[in-house]
Amino acid sequence: QKEVEQNSGPLSVPEGAIASLNCTYSDRGSQSFFWYRQYSGKSPELIMSIYSNGDKEDGRFTAQLNKASQYVSLLIRDSQPSDSATYLCAVTEAGGFKTIFGAGTRLFVKA
Amino acid sequence: GAGVSQSPSNKVTEKGKDVELRCDPISGHTALYWYRQRLGQGLEFLIYFQGNSAPDKSGLPSDRFSAERTGESVSTLTIQRTQQEDSAVYLCASSLSEGHGYTFGSGTRLTVV
């Protein structure tokens, strides 16, 4: 059974701090990796995608991928209360069509 | 359309009844996915379509669940003889092709009483 593991949290950080969210996956052949944000009662929203080892930055968000360690992370700089949500790590299986979602990490940003 | 559209947004049904959930993907998105999310839980994969073909039905929980898609357009998820454990939010997503990120619809909240 292919798995995507995340710490369920909650992760609590003060406003302006860096929030660090982590994820590990079991399918060594995976090639596509995503982070989604899900506000309570809403649908997931894609915020980052990463396909190669290293860092990818988009505004306040940085995704990091280490395929050798089967590890993906998301850094949120200058965290804002509006960043409070559940963050879902998602990994597309080798073969490319089925994406497995982690259970999510709840983030609280305290004003 | 501009986004993924799902209907109905809410459905309350009696145990044993059949329900049909509809998803209209973003125009041009060839891949379409159905997921289920129970309250406080993660996303559970149900089925995937590439065009109107379903290469992976492995997530359908039982033979009470079926889905179809017309071309690269609307998909319907049908649940026959609903049970209380079917209560969940059913999410549809589409993507440009395999390996791309998804755009989710707003979901159908199904309550079986």
Side-chain angles (χ1 to χ4, degrees), chain A residues 1-10 21 23-27 29-52 56 58 61 63 65 67 72 74 85-106, chain B residues 2-7 9-10 21 23-26 29-60 67 69 88-109 111:
Chain A
Q1 176 76 358
K2 293 166 184 173
E3 295 181 339
V4 177
E5 300 285 345
Q6 295 181 256
N7 187 322
S8 63
L21 305 162
C23 169
T24 59
Y25 60 94
S26 63
D27 184 357
S30 297
Q31 297 295 325
S32 304
F33 307 86
F34 308 94
W35 285 97
Y36 290 80
R37 177 176 62 201
Q38 186 173 26
Y39 291 113
S40 182
K42 302 294 186 182
S43 297
E45 172 193 13
L46 178 67
I47 54 172
M48 288 290 287
S49 58
I50 187 167
Y51 302 97
S52 55
K56 179 181 178 183
D58 184 1
F61 298 100
L65 174 62
K67 290 184 181 179
V72 194
L74 179 70
T86 296
Y87 288 80
L88 305 173
C89 175
V91 178
T92 300
E93 287 184 339
F97 51 78
K98 181 176 171 181
T99 295
I100 307 297
F101 284 79
T105 298
R106 285 183 297 151
Chain B
V4 178
S5 178
Q6 290 189 248
S7 61
S9 55
N10 278 285
L21 312 180
C23 173
D24 199 345
I26 292 173
H29 279 196
T30 61
L32 184 148
Y33 308 82
W34 285 97
Y35 284 81
R36 177 169 71 177
Q37 189 172 34
R38 292 195 168 104
L39 189 64
Q41 305 286 313
L43 273 68
E44 178 186 359
F45 171 81
L46 297 179
I47 190 168
Y48 151 80
F49 287 93
Q50 176 59 39
N52 62 5
S53 170
D56 190 343
K57 303 179 183 179
S58 64
L60 294 177
R69 186 181 185 194
V89 175
Y90 289 81
L91 290 164
C92 175
S94 68
S95 70
L96 204 55
S97 66
E98 300 129 352
H100 285 76
Y102 298 173
T103 301
F104 281 88
S106 55
T108 294
R109 182 176 300 278
T111 304

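Worth knowing before you read on, the calculation uses all heavy atoms, side chains too, and leaves out hydrogens, waters and symmetry mates. Because the structure is a prediction, the values reported are computed rather than measured. Order of the sequence lines sets the chain letters (A, B, ...), proteins ahead of strands, with each chain counted from 1.
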Visitor: Could you tell me which portion of A:Tyr51 (side chain, backbone, both or neither) has an atom closer than 4.5 angstrom to a non-hydrogen atom of chain B?
Guide: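 Side chain only.
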Visitor: If you tally heavy-atom pairs under 4.5 Å against chain B, which of A:Gln38, A:Lys42, A:Met48 wins?
Guide: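 Most heavy-atom pairs within the cutoff with chain B belong to A:Gln38.
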Visitor: Is chain A contacted by the side chain of B:Gln41, its backbone, both, or neither, given a heavy-atom distance below 4.5 Å?
Guide: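 Contact with chain A is absent: no heavy atom of B:Gln41 under 4.5 Å.
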Visitor: Could you measure the distance from the CD atom of A:Glu93 to the OH atom of B:Tyr48? Nearest 0.5 Å is fine.
Guide: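 Separation between the atoms: 11.5 Å.
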Visitor: Check B:Phe45 against A:Lys98 and note the closest heavy-atom contact, atom names and distance.
Guide: CD2-CE, 3.4 Å
Visitor: I'd like to verify something: which residue of A:Thr86, A:Leu88, A:Leu46, A:Thr99 has the highest number of heavy-atom pairs under 4.5 Å with chain B?
Guide: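 Heavy-atom pairs under 4.5 Å are most numerous for A:Thr99.
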Visitor: State, yes or no, whether a side-chain contact exists between A:Tyr36 and B:Tyr102 at a heavy-atom distance under 4.5 Å.
Guide: yes
Visitor: Quick one: salt bridge (charged side-chain N to carboxylate O under 4.0 Å, His left out) partners of B:Asp56, sequence neighbours excluded?
Guide: none
Visitor: Can you tell if the side chain of A:Ser43 reaches within under 4.5 Å of the side chain of B:Val4, non-hydrogen atoms only?
Guide: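 Of all side-chain heavy-atom pairs linking B:Val4 with A:Ser43, none is under 4.5 Å.
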Visitor: Which atoms of B:Thr103 come close to chain A, meaning under 4.5 Å heavy atom to heavy atom: side chain ones, backbone ones, both, or neither?
Guide: neither
Visitor: Under 4.5 Å from any heavy atom of chain B, what part of A:Ser8 do you find: side chain, backbone, both or neither?
Guide: neither
Visitor: Looking at B:Val89, B:Leu43, B:Leu39, which has the largest count of heavy-atom pairs under 4.5 Å with chain A?
Guide: B:Leu43
